[in-house]
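Numbering starts at 1 and runs along the sequence shown.
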Amino acid sequence: MTDNIRHLHAVTATVAATPTDVQVWRELPDDPEHPTYEGAPRLLIERHDHQLHHDRADEWQSAPLTAVYVDDGLSGARIEFGPWSLEASEARLLAVSLNTLADACDPSGNRRAK
């Protein structure tokens with residue numbers, strides 16, 4: 001347990017030393033999309049917003065991806081993507097899948113501007 005706490009402090013110090021526009025480890029408000037065990041706090045690690053095309057609405061919409069730490073003694077760190085949550089390993093697998101699909105759609109690696 002002590003090693004885990006040391007690791008969290010090391011991670012916090014590393015992230016805090018990295019320039020970012022979010023406050024590290026601040027508590028997030030309750031979110032019905034992401035309930036926690038006994039209302040445990042969700043702490044913000046980092047957040048990125050991406051523009052995704054909503055096909056039915058035919059418009060670009062913001063899709064937040066948020067790294068959080070759930071302080072319930074069970075969940076720990078995870079990534080929230082819309083109503084879903086992923087472990088870090090699942091997020092890495094998703095990143096590989098997205099790159100593979102992008103390569104299949106555009107083998108030349110051309111990027112189009114929106």
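Applying the 4.5 Å side-chain rule to ILVMFWY residues, one finds that Leu101 remains a lone member of its cluster. With side-chain heavy atoms closer than 4.5 Å counting as contact, directly or through intermediates, Val96 stands alone and belongs to no larger hydrophobic cluster.
Residues passing the side-chain hydrogen bond (donor to acceptor under 3.5 Å, both in side chains) test with Glu33: none are found, sequence neighbours excluded. For Glu38, the side-chain contact (heavy atoms from CB on, under 4.5 Å) test picks out no residue, with sequence neighbours left out. For Asp31, there are no side-chain hydrogen bond (donor to acceptor under 3.5 Å, both in side chains) partners, not counting sequence neighbours. A search for side-chain contact (heavy atoms from CB on, under 4.5 Å) contacts involving Ala104 returns nothing, not counting sequence neighbours. Listed by chain and residue number, nothing satisfies the salt bridge (charged side-chain N to carboxylate O under 4.0 Å, His left out) test with Asp58 (two or more places apart in sequence, or in another chain). The side-chain contact (heavy atoms from CB on, under 4.5 Å) check on Asp49 picks up Arg47, Ser62, Pro64, with sequence neighbours excluded. In this structure, the ring pair (Phe, Tyr, Trp, His ring centres under 6.0 Å) partners of His53, at least two apart in sequence or on a different chain, are Trp60. Applying the side-chain contact (heavy atoms from CB on, under 4.5 Å) test to Thr36 and every residue at least two apart in sequence or in another chain returns Ala40, Arg42, Val70, Arg78.
Between the side chains of Thr100 and Asp103, no donor-acceptor pair is found at a separation under 3.5 Å. Side-chain N/O atoms of Asn99 and Ser97 include no donor and acceptor closer than 3.5 Å.
Leu93 and Ile79 are assigned to two separate hydrophobic clusters, defined by single-linkage of ILVMFWY side chains at heavy-atom distances under 4.5 Å.
Contact detail for Ser75 and Asp72: the closest heavy-atom pair is N-OD1, 2.7 Å.
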Decide side chain to side chain contact (heavy atoms under 4.5 Å, CB included) for Leu65 and Glu80; before the verdict, give the C-alpha distance in whole Å, the side-chain angles of both, and the deciding distance to 0.1 Å. CA-CA 6 Å; Leu65 290 139; Glu80 298 173 352; over 6 Å; no
Test Leu74 against Tyr37 for side chain to side chain contact (heavy atoms under 4.5 Å, CB included), laying out the working first. CA-CA 9 Å; Leu74 302 169; Tyr37 179 69; 4.2 Å; yes
Run the side chain to side chain contact (heavy atoms under 4.5 Å, CB included) check on Leu43 and Val68 step by step: do they pass? CA-CA 5 Å; Leu43 305 173; Val68 301; over 6 Å; no
Check: residues 81-90 side-chain donor-acceptor pairs under 3.5 Å, at least two apart:
from, atom 1, to, atom 2, distance (Å)
Ser85, OG, His34, ND1, 3.4
Glu90, OE1, Glu87, N, 2.7

